[in-house]
Amino acid sequence: MNKAIEVKGLSHYFGPSRVIDNISFAVEEGNIFGLLGPSGAGKTTLINILTGQLRAAEGESRIFGIESRHMTGKDYKQLGIMMDNFGLYERMSCYNNLRFYQMLDGNQNKNIEAVLKSVGLLDAKKTRVMNLSKGMTNRLAFARAVLRKPRILFLDEPTSGLDPATVEEIHKMIFAEKDRGTTIFLTTHNMYEAEKLCDKIALLNEGKIVEYGSPADICRRYNHQRKINIHLKNGQDVVLEHKKESGEQIKEYWDGDKVETIHSTEPSLETIFMELTGRIFDI
Amino acid sequence: MIVHIWAILWKQLKDTLKNKTILIQFIMFPCMTVIMETAINIQGMPEHFFANLFAVMYIGMAPLTSIAAIIAEEKEKNTLRVLQMCNVSALEYLIGNAIYIVLVCLMGSFVIGAAGGYQGISLFYFMMIMFFGHFTSFLVGATIGVLSRNQMTATSVTVPVMIILAFLPMLSMFNETIGKFSKYIFSEQLYLLVNNLDRIRVGTDTAVILICNVVVIAAAFVVSYRKMFIRK
Ligand SMILES: Nc1ncnc2c1ncn2[C@@H]1O[C@H](COP(=O)(O)OP(=O)(O)OP(=O)(O)O)[C@@H](O)[C@H]1O
Ligand SMILES: [Mg+2]
């Protein structure tokens, strides 16, 4: 597999504080990679470094083998970027925002309407950006990122603050891009989203990667703390260890017809990450 | 290069015509000239009085405030970064904007000149002076825009600069002390020039002052415009 992104020993400081702390990882071409982390973890900063908008103090990052800081116009054309603050022209219509972007690329292929249609904004093509709802603005920013048919897509919190239906729409669009063979690098604070979308995830906390792997791998790794929760009909909750002796106890409850519900608590990404960061994520 | 400049021009045409604050800057003085020149006719008032006065105010205000506001807004809304990711250089960006703003202001200046009764060769001289003035004022505004962090700081800097450029020539008519200082400002010199269009002659002190102004402004601009995009 080709490496789409390679990061080695990357560090960055804002003043005295170390926002990115000696990070190394790689993303394979065609994968969806999720960078998770609480607010202020350094996710946006990392995207800025990878996309050459910010020069890292130490270490190196490469996109398709090219140093981020040395990227030129030709290399940029392989990148689609949706930043957390969008960068759209508010007084211009959806269509004209995309048209301008295409003109800058010197691109004459007129696929704007098709792209607008794919994000469900064809009816709003003449609407000014300032009059769009939050979800529509997100989708337009996404549309602009995919307009140049990038080889790699950077999405900074593509679904934050959206209702579940719109989130679902955006997830579909992300999968459609993946099917096209695009590598996707996204950030989120939403564990459910990461579990659903990503082939690999990394948890960033205070500038360090504290976990890395596929969602299933990570959950398996933290299985040691698996417990069984039993809720009894008399309202009592019993927590049992996941081992042989517990079986007899469960049987006892069961035979006595005392069991209301019974769950095995596999750790979700969320509980793992809460344990690792000591912070609560919002979903 | 041409593609980028053209795209910027196209964008400004779509965007600024919907931006009321900037639109007002472009049309306020031409409209005022037309109104004043037709409505007011006091005996003994110098010829072209309102046209000349408003022409210099137009120079001091329109290009300066519009480009400063445009750049500051692009920074604030993060569209400038998007341009950078499309490999637009600071120079391409500014050339595109300069063409747009100076052209629009020249159209306004033509209205001012025509309303003021200039014709033929004097209208031509008038337009040349206006072109020089708008371009210099654009450079001042671009420098301010590049150096300010957001629209708030841009406005707080453009207002005093604008007052100096636009109002000092007028105030110096009434106060000699102000005149002593204001004669070193390019807009005052341009005001003196438009007031003597019929026997136009650029004296050495005028030329020296204008050149010094342009050199200082251009230097400040060159030093600052490299900071327009985030350094990698
Ligand atoms: N330009 C800057 N100057 C100084 N500090 C900065 C700058 N940009 C970011 N920081 C700091 O760096 C840290 C990481 O910021 P960053 O925006 O990368 O976080 P994030 O993970 O994207 O957070 P969020 O989930 O809220 O978007 C924060 O503590 C922030 O205050
Ligand atoms: Mg962020």
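Proteins get letters first, then strands, A, B, ... in listed order; numbering begins at 1 in each.
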Give a yes or no on this: more than 12 heavy atoms of other residues, nucleotides or ligands lie within 6.0 Å of atom CZ of B:Phe110.
no
I'd like to know whether CZ of A:Phe25 has more than 12 heavy-atom contacts from other residues, nucleotides or ligands below 6.0 angstrom.
yes
Please identify, among B:Val88, B:Val3, B:Asn19, the residue contributing the most non-hydrogen atom pairs under 4.5 Å to chain A.
B:Asn19
Exceeds 12 heavy-atom contacts within 6.0 angstrom, atom NZ of A:Lys208
no
Would you check if B:Trp10 and A:Arg99 make a side-chain contact, meaning some heavy-atom pair closer than 4.5 Å?
yes
How close do A:Leu104 and B:His4 get, heavy atom to heavy atom, and via which atoms?
O-NE2, 3.0 Å
Can you say whether A:Leu88 sits under 4.5 Å from chain B via the side chain, the backbone, both, or neither, judging by heavy atoms?
backbone
Which bit of B:Glu92 is near chain A, if near means a heavy-atom gap under 4.5 Å: side chain, backbone, both or neither?
neither
Contact check, side chains of B:Arg81 and A:Asn48, non-hydrogen atoms, under 4.5 Å:
yes
Does a sphere of radius 6.0 Å around CZ in B:Phe135 hold more than 12 heavy atoms from other residues, nucleotides or ligands, not counting ones at 6.0 Å or beyond?
no
Do the non-hydrogen side-chain atoms of A:Tyr76 and B:Cys86 ever get within less than 4.5 Å of each other?
no
Best-contacting candidate, B:Glu74, B:Lys11, B:Lys14, against chain A by heavy atom pairs under 4.5 angstrom
B:Lys11
Do other residues, nucleotides or ligands put more than 12 heavy atoms under 6.0 Å from B:Tyr184 OH?
no
Check the surroundings of atom OH in A:Tyr13: do more than 12 heavy atoms from other residues, nucleotides or ligands lie under 6.0 Å from it?
yes
Below 4.5 Å, heavy-atom pairs only: which of B:Leu83, B:Val82, B:Asn87, B:Asp15 has the largest tally toward chain A?
B:Asp15
Interatomic distance, B:Met85 atom CE to A:Leu79 atom CG [nearest 0.5 angstrom]
5.5 Å
Counting only non-hydrogen atoms closer than 4.5 Å, does A:Asn85 touch chain B with its backbone (N, CA, C, O), its side chain (CB onward), both, or neither?
both
What I want to find out is whether B:Glu73 reaches A:Arg91 closely enough, with some N-O distance under 4.0 Å, to be called a salt bridge.
yes
Residue A:Lys134 excluded, over 12 heavy atoms near NZ under 6.0 Å:
yes
I'd like to check A:Tyr89 versus B:Thr79 (side-chain heavy atoms, cut-off strictly below 4.5 Å). Are they in contact?
yes
